[in-house]
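Below is one structure, written out as structure tokens; the observations come after it.
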Amino acid sequence: MTAPRLTFATFSNIINGEPRCSNKTTFSVDPSTERRLWDVPVATTQDVEDAVQSANDAFKAWSTTPFEQRVSKIAQWKQLYEQYIEEFTQLLMAECGKPRSIAAGEANEILALFEHNLGLRIPEERIEDDSRVIITRHVPVGVVAAICPWNFPLVLSVGKVIPALLTGCSIIVKPSPFTPYSALKMVELAQKVFPPGVVQAIGGDELIGPALVNHPRVNKISFTGSSATGKRIMASAAATLKRVTLELGGNDPAIVYPDVDIEKTAPEVVQGCFVFSGQVCVATKRVYVHESIYELFLKAMVDAASRIEVGKADSPSTTMGPMQNKIQYEKVQELVADSQAQGYKFALTPRPIAFDKGYYLSPSIVDNPPLTARIVVEEQFGPIVPVLKWSDEADVIACANGTTSGLGASVWTADASRAERVGRQMQAGSVFLNSWAKTTPRAMLSGHKESGIGGEWGSTGILEYCNTQAMHIFK
Ligand code: NAD
């Protein structure tokens, strides 16, 4: 007998292995049309308590389940997921406004996350001298709360769940209220494999995140979101000395040298700025171009950005969908308006979009605004980018590093040794040489400065879900 297929038309919180409704519901909207999407329950204080209790109960058995059995359960979850990649792709198109290629990219990235993590082992070190053997081991930290943003709701939740489960932690996913659907469904799918309480999901409103952060029986917060929220979380977590991993905002610079192939490089840089409407943590947010090629490069960027087809997520010709939510849409419009009010020159002005509904903004490029401009200093997280002129290498490196952010950076030059020399001077967690930010689960994703604490993915990201123990065995 085959198991009934999941339905993608109802969505619940998942507590202690069961779907949990609530008297209060909320919903999100499809940003392409502003159409109301499905109802989701708003978790109550009791729901938070029940989820934390269940996670603590489940932790006892899950953390002592042999590692290979945990791996096998995660592999079963992956197999189930493989049957639903198209459904998850459609969900991401609806909840995020992602064009099909980007939504499918996110849905397929989940397979890469599974594959990478399934190949990991928790390291153990053994050293010995005349008097003792020291075994350094990594034990699961306990109950984890995964607090997630709206831009990659599936990758950035599953990217926390798999390593937590691998190490023996139990985990409660708290999706963003803007994009709750794919994460809730993924956790529902997990119930077919894992014992109750090992992986749960609760969402609904803005009270649940703080309730999890403040809860004395939650041991660790793995957070991805804005630097402002990250600071609040760290302050609250101090009360219980919770472990935190903070993956926060950025203001990623790209430095372009005069030896690049302009026609080839400018469209790539444009892609790095405007992929998913610039709503990517490691999107390029400032472009520094050498003065000797500035005009030509800027023109090539404008040409490439003008070819971007802004439209509904489900239209085959769309290469850039809407902004994901109204608040972000208005914030970016406000930055455009500020640049216009300050009299900055636009190399590419936002053009009107012919839809009555939806949060559409076409790409725009600001031509060499002052270094103190808001569009240079702030994380825009939308489809507007400043292009700035440079002449001296030491100066441009200082400018690139001269912010409180340190998430990503890119360097573009035909000279490979220069690329690496400059790349090594970037104060950023991820540095891309002759590429825009193409992340992979195989590399650690982390932020320097106010872009984060700790990191995830890569070969050592799982250790963020562990406490380290040194065991001294005397002879
Ligand atoms: P956000 O900080 O507004 O919200 C993120 C999550 O935190 C949501 O689930 C929200 O409900 C919850 N939250 C809000 N206040 C909270 C509080 N006081 N306590 C606990 N939880 C709370 O971020 P966002 O707007 O959803 O995401 C966009 C931001 O995320 C951008 O700054 C982007 O750069 C950043 N981001 C970073 C990475 C990375 O890997 N570094 C990846 C994606 C996004």
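Model, not experiment: these values are computed from the prediction. Numbering of ligands and ligand atoms starts at 1, following listing order. Any value given below was found using the heavy atoms of this structure, including those in side chains, with hydrogens, waters and symmetry copies removed.
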C148 versus V173: any side-chain heavy-atom pair under 4.5 Å? yes
Nearest heavy atom to atom 35 (C) of ligand 1, choosing from A146, G225, S405, A235, belongs to G225
Please determine, by modelled atom types, if K449 and T404 share a side-chain donor-acceptor pair under 3.5 angstrom. no
Is there a heavy atom in F178 that sits closer than 4.0 Å to ligand 1? no
Taking N or O atoms only and a 3.5 Å limit, does S226 qualify as a polar contact for ligand 1? yes
Specify side chain, backbone, both or neither for F381, according to which of its non-hydrogen atoms lie closer than 4.0 Å to ligand 1. side chain
Report yes or no: do K220 and T245 form a side-chain donor-acceptor pair below 3.5 Å? yes
Under 30°, 30 to 60°, or over 60°: which ring-plane class applies to Y181 and W38, parallel, tilted or perpendicular? perpendicular
Checking heavy-atom distances from atom 17 (C) of ligand 1 to each of P210, G408, S446, the winner is P210
Over 60° means perpendicular and under 30° means parallel, so tell me whether Y359 and Y329 are parallel, tilted or perpendicular. tilted
Going by heavy atoms, is G452 under 4.0 Å from ligand 1? no
Specify the protein heavy atom at minimum distance from atom 25 (O) of ligand 1: its residue, its atom name, and the distance to 0.1 Å. W150 NE1, 2.9 Å
Check the side chains of E379 and S405 for a donor-acceptor pair under 3.5 angstrom, ignoring hydrogens and angles. no
A cation-pi test, strictly: NZ or CZ of K185 under 6.0 Å from the centre of the six-membered ring of F8 and no more than 45 degrees from its axis. Yes or no? yes
Which one of S236, A237, S451, C281 has a non-hydrogen atom at the shortest distance from atom 42 (C) of ligand 1? C281
Within less than 4.0 angstrom of ligand 1, does C148 place any heavy atom? yes
